[in-house]
Asks: 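Structure in structure tokens, see below.
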Amino acid sequence: MTEPFKPLEGIRIVEMSHMIMGPSCGMFLGFLGAEVIKVEPPEGDKTRYLSGMGRPMFPLFNRGKKSVQLDLSSESGQAALRKLLATADVFIENFRDQSLAKMGADGETLRREFPGLIVASHKGFLRGPYQDRTALDEVVQMMTGLAYMTGPSGRPLRVGSSANDIMGGLFGAFSVLAALLERKETGKGRNLRIGLFENCLLLVAQHMVQFELEGTSPPPMPERDFSWPVYDIFDTSDGKQVFVGAVTEGQWTTLCTFLGLQELLDDPRLQTRMDQITARSWTIPIVASAIATHDAKSLGRQFEALGIPYSPIAKPADMYDDPHVMRPGGLATSHMPDGSTFRAPSLPFEVDGEMLTGGGDLQQVGQDTETVLAGLGFDAAEIAAARGKAKERAA
């Protein structure tokens, strides 16, 4: 890439959000060159202090952002926010409508005061009967049927990542980009509302439409009707698990030939793909026995050479040893305020043959408060009043 890919350079985004959905929206736009100013309360975003599975949330989704502390319970803090928004192109938030209204930062108020501002509101639901409900990623997965489709009957399971939150942030960034393009022509901003529930609804749309077109409600994925002769997880001789697929006539022939299963190729009951699918109850155990005589590593090499769909069953941590992930540009390194570093995936697209590798670093709480507010004309006393005093956090 001869020139840095920063199409949003010069765009100022003020982000006032926490957890994943709103922060991921800001992160995506920041990767594209926008200046993202994260507004945090005096004690800092609570997500900073999570542990366990919550530990990566703040550093991962707030890379490359500036941090400004504002006490929005005070008049000084609210005044500083408004002055900051007067310089912004986009405002990202994920607070309750009522909370925003109390501080005069709801969409309608901001639209009147800053007609060119694009407001991207990340909510649990779009407007309608559920708009005031509290939502979580897991809640909407249960509501829409995604959890039902993921687990076996009677055991609904959430997807094994914060997929809805991240995809919701992506739709937020997508709608912001569209609004920025429109504003070039009209000079006017837009109030955008992105719904976590509606995002999840889109993820199950294929199952909804199957029912709409055929009158058939599909079973959970673990119990689904198969459309391919082989599409299963198998055990190997070294105690590993692998996924193997054979979804075309050519792949079926190649797989059976490689495994020495000429009897399946010659069997008159298995001469069409539908024959092979119908016979899965007795052919899959035969395939499983043959695969079990091979170790996972050699299978991987040979299946790749033969063009057979194949994958080891990996854990996320295994990705740090994956040669494709670890190729130049596959991961971006970010620095934490304490000097430690972490590696996280780059955005999943290339520009002129290269990936965007600038992950961005993490700022300390309020690290950019003085610089940003001084740039707005605030003096030291006004900055101190606007940022407030952090309350002591419980251990």
Asks: Give the minimum heavy-atom separation between Ile313 and Val242, together with the two atoms involved.
Replies: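 Ile313 and Val242 have their closest heavy atoms at CG1-N, 3.9 Å.
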Asks: Verify, without hydrogens or angle tests, whether Glu15 (side chain) and Lys38 (backbone) share a donor-acceptor contact under 3.5 angstrom.
Replies: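 No; judged by distance alone, with no hydrogens or angles, the pair does not exist.
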Asks: Roughly how far apart are Leu180 CG and Ile11 CD1, rounded to 0.5 Å?
Replies: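 So the CG of Leu180 and the CD1 of Ile11 are separated by 5.0 Å.
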Asks: Can you list the steps and then say if Phe243 with Phe234 is a ring pair (Phe, Tyr, Trp, His ring centres under 6.0 Å)?
Replies: CA-CA 6 Å; Phe243 169 83; Phe234 301 94; 8.2 Å; no
Asks: What distance do Leu196 atom CG and Met21 atom CE have between them, rounded to the nearest 0.5 Å?
Replies: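 Here the interatomic distance stands at 5.0 Å.
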Asks: Hey, does the side chain of Glu198 reach the backbone of Leu126 with a donor-acceptor pair shorter than 3.5 angstrom?
Replies: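 Here the side-chain-to-backbone pair exists.
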Asks: Verify the neighbour count for atom CD of Glu223: are there more than 12 heavy atoms of other residues, nucleotides or ligands below 6.0 Å?
Replies: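 Yes, the 6.0 Å shell around CD holds more than 12 heavy atoms from other groups.
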Asks: Hydrophobic cluster membership, with links at side-chain heavy-atom distances under 4.5 Å among I/L/V/M/F/W/Y: are Leu70 and Phe378 in one?
Replies: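 Yes, it is one cluster - the side chains of Leu70 and Phe378 are joined through contacts under 4.5 Å.
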Asks: Any heavy-atom pair between the side chains of Thr47 and Phe61 that's under 4.5 Å?
Replies: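 SC-SC contact between Phe61 and Thr47 ruled out.
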Asks: Given Leu84 and Arg12, is the side-chain contact (heavy atoms from CB on, under 4.5 Å) satisfied, shown in steps?
Replies: CA-CA 10 Å; Leu84 183 57; Arg12 170 171 277 191; 3.9 Å; yes
Asks: Please evaluate residues Ser17 and His122 with respect to the criterion side-chain contact (heavy atoms from CB on, under 4.5 Å), reporting the C-alpha separation (whole Å), side-chain torsions for both, the decisive distance (0.1 Å), and the verdict.
Replies: CA-CA 9 Å; Ser17 65; His122 295 74; over 6 Å; no
Asks: Taking the side chain as every heavy atom from C-beta outward, state whether Ile194 and Ser175 have any pair of such atoms under 4.5 Å apart.
Replies: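 A side-chain contact exists here, since the closest heavy-atom pair is under 4.5 Å.
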Asks: Looking at every non-hydrogen atom in both residues, tell me the closest pair between Ile166 and Ser24 and how far apart they are.
Replies: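 So the minimum-distance heavy-atom pair works out to O-OG, 3.9 Å.
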Asks: Can a donor-acceptor pair be found, under 3.5 Å and without considering hydrogens, that links the side chain of Tyr320 to the backbone of Arg343?
Replies: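 It does hold such a pair.
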Asks: Just wondering, more than 12 heavy atoms not from Glu212 lying within 6.0 Å of its CD?
Replies: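 12 or below, so no.
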Asks: Give the minimum heavy-atom separation between Leu347 and Met355, together with the two atoms involved.
Replies: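 Of all heavy-atom pairs spanning Leu347 and Met355, the closest is O-CE, 3.1 Å.
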Asks: Quick one: closest heavy-atom pair of Leu270 and Leu264, and the distance?
Replies: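 Smallest heavy-atom distance, with atoms named: CD1-O, 3.5 Å.
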Asks: Decide yes or no on side-chain contact (heavy atoms from CB on, under 4.5 Å) for Leu177 and Leu8, but give the supporting numbers first.
Replies: CA-CA 9 Å; Leu177 291 174; Leu8 296 186; 3.8 Å; yes
Asks: Taking all heavy atoms of Leu373 and all of Ala80, pick out the closest pair and write down the distance.
Replies: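 Reported closest heavy-atom pair: CD2-CB, 4.4 Å.
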Asks: Check whether any side-chain heavy atom of Pro59 sits under 4.5 Å from a side-chain heavy atom of Met336, and report yes or no.
Replies: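 Yes; the side chains approach each other to less than 4.5 Å.
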Asks: I'd like to know if the side chain of Asp238 reaches the main chain of Ala296, judged simply by a donor and an acceptor atom lying under 3.5 Å from each other, with no hydrogens or angles considered.
Replies: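 Yes; judged by distance alone, with no hydrogens or angles, the pair exists.
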Asks: Where does the angle between the aromatic ring planes of Phe197 and Phe125 fall among parallel (under 30°), tilted (30 to 60°) and perpendicular (over 60°)?
Replies: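 Because their plane-to-plane angle lies in the 30° to 60° range, the rings of Phe197 and Phe125 count as tilted.
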Asks: Please lay out, stage by stage, how Phe303 and Phe258 fare under the test ring pair (Phe, Tyr, Trp, His ring centres under 6.0 Å).
Replies: CA-CA 9 Å; Phe303 280 162; Phe258 167 73; 5.3 Å; yes
Asks: Under a 4.5 Å cut-off applied to non-hydrogen side-chain atoms, are Leu32 and Phe5 in contact?
Replies: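 Yes. Closest side-chain heavy atoms under 4.5 Å.
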Asks: Please indicate whether Phe114 has more than 12 foreign heavy atoms, meaning atoms of other residues, nucleotides or ligands, lying under 6.0 Å from its CZ.
Replies: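 For Phe114, atom CZ is crowded (more than 12 foreign heavy atoms under 6.0 Å).
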Asks: Check whether Arg224 reaches the backbone of Met221 with its side chain - one donor and one acceptor, N or O, closer than 3.5 Å.
Replies: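 Judged by distance alone, yes, a pair lies under 3.5 Å.
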Asks: Checking Asp165 side chain against Ile20 main chain: does a donor-acceptor pair fall under 3.5 Å?
Replies: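 Side chain of Asp165 to backbone of Ile20, a donor-acceptor pair under 3.5 Å: no, none is there.
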Asks: If we only count heavy atoms from C-beta on, is the Leu259 to His294 side-chain gap below 4.5 Å?
Replies: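 Side-chain contact under 4.5 Å: yes.
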Asks: Before giving the answer on ring pair (Phe, Tyr, Trp, His ring centres under 6.0 Å), spell out for Phe58 and His18 the whole-Å C-alpha distance, their side-chain angles and the decisive distance to 0.1 Å.
Replies: CA-CA 8 Å; Phe58 189 88; His18 60 285; over 10 Å; no
Asks: OG of Ser237 to CD1 of Ile291: how many Å apart, nearest 0.5 Å?
Replies: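 Going from the OG atom of Ser237 to the CD1 atom of Ile291 covers 11.5 Å.
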Asks: Backbone N or O of Gly52 within a donor-acceptor pair of the Arg55 side chain at under 3.5 Å?
Replies: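 Side chain of Arg55 to backbone of Gly52: no pair is present.
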Asks: Quick one: are Leu29 and Ile92 in side-chain contact, heavy atoms under 4.5 Å?
Replies: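 In contact.
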Asks: Nearest 0.5 Å, what's the CE-CG distance between Met57 and Asp45?
Replies: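 Nearest 0.5 Å value for the CE-CG distance: 11.5 Å.
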Asks: Among all residues two or more places apart in sequence or in another chain, which pass the side chain to side chain donor-acceptor pair (under 3.5 Å) test with Ser340?
Replies: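 Checked Ser340 against side chain to side chain donor-acceptor pair (under 3.5 Å); matches are Asp338.
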Asks: To the nearest 0.5 Å, how far apart are CD in Glu263 and OG1 in Thr283?
Replies: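 Glu263 atom CD to Thr283 atom OG1 measures 11.0 Å (nearest 0.5 Å).
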Asks: At their closest point, which heavy atom of Thr109 faces which heavy atom of Arg82, and how far apart are they?
Replies: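 Closest approach of Thr109 to Arg82, heavy atoms only: CG2-NH2, 3.6 Å.
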Asks: Could you state the interatomic distance from OG1 (Thr369) to CD1 (Ile37), rounded to the nearest 0.5 Å?
Replies: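 The CD1 atom of Ile37 is 10.0 Å from OG1 of Thr369, to the nearest 0.5 Å.
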Asks: Asp275 and Gln271: side-chain donor and acceptor closer than 3.5 Å?
Replies: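 Asp275 vs Gln271: no donor-acceptor pair found between side chains.
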Asks: So, using salt bridge (charged side-chain N to carboxylate O under 4.0 Å, His left out) as the criterion, who are the partners of Glu138 when residues are at least two apart?
Replies: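 Scan of Glu138 (salt bridge (charged side-chain N to carboxylate O under 4.0 Å, His left out), adjacent residues dropped) gives Arg158.
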Asks: Does the distance from a Lys or Arg side-chain N to an Asp or Glu carboxylate O, for Arg387 and Glu40, drop under 4.0 Å?
Replies: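 Result for this pair is no, no salt bridge flagged.
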Asks: Is there a donor-acceptor pair under 3.5 Å between the side chain of Glu249 and the backbone N or O of Arg273?
Replies: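 Yes, the answer is positive, given that a donor and an acceptor are paired below the 3.5 Å cut-off.
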Asks: I'd like to check Leu201 versus Met208 (side-chain heavy atoms, cut-off strictly below 4.5 Å). Are they in contact?
Replies: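 Yes. Closest side-chain heavy atoms under 4.5 Å.
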Asks: Is there side-chain contact between Pro220 and Ser153, with at least one heavy-atom pair below 4.5 Å?
Replies: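 Yes, close enough: below the 4.5 Å cut-off.
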Asks: More than 12 foreign heavy atoms under 6.0 Å from CD of Glu370: is that the case here?
Replies: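 Not buried by this count: 12 neighbours or fewer within 6.0 Å.
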Asks: If you measure only the distance, is there a donor-acceptor pair under 3.5 Å linking the side chains of His335 and Asp361?
Replies: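 Asp361 and His335 do have a side-chain donor-acceptor pair below 3.5 Å.
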Asks: Among Arg193, Lys102, Arg133, whose salt bridge (charged side-chain N to carboxylate O under 4.0 Å, His left out) with Asp97 holds?
Replies: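 With Asp97 as partner, salt bridge (charged side-chain N to carboxylate O under 4.0 Å, His left out) holds for just one option, Arg193.
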Asks: Please answer whether the main-chain N or O of Asp379 pairs with a side-chain N or O of Glu382 as donor and acceptor at a distance below 3.5 Å.
Replies: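 Checked: pair present.
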Asks: Does a side-chain N-to-carboxylate-O contact under 4.0 Å join Lys297 and Asp295?
Replies: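 Salt bridge absent between Lys297 and Asp295.
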Asks: Would the distance check show the side chain of Asp321 and the main-chain N or O of Asp318 forming a donor-acceptor pair, the cut-off being under 3.5 Å?
Replies: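 No.
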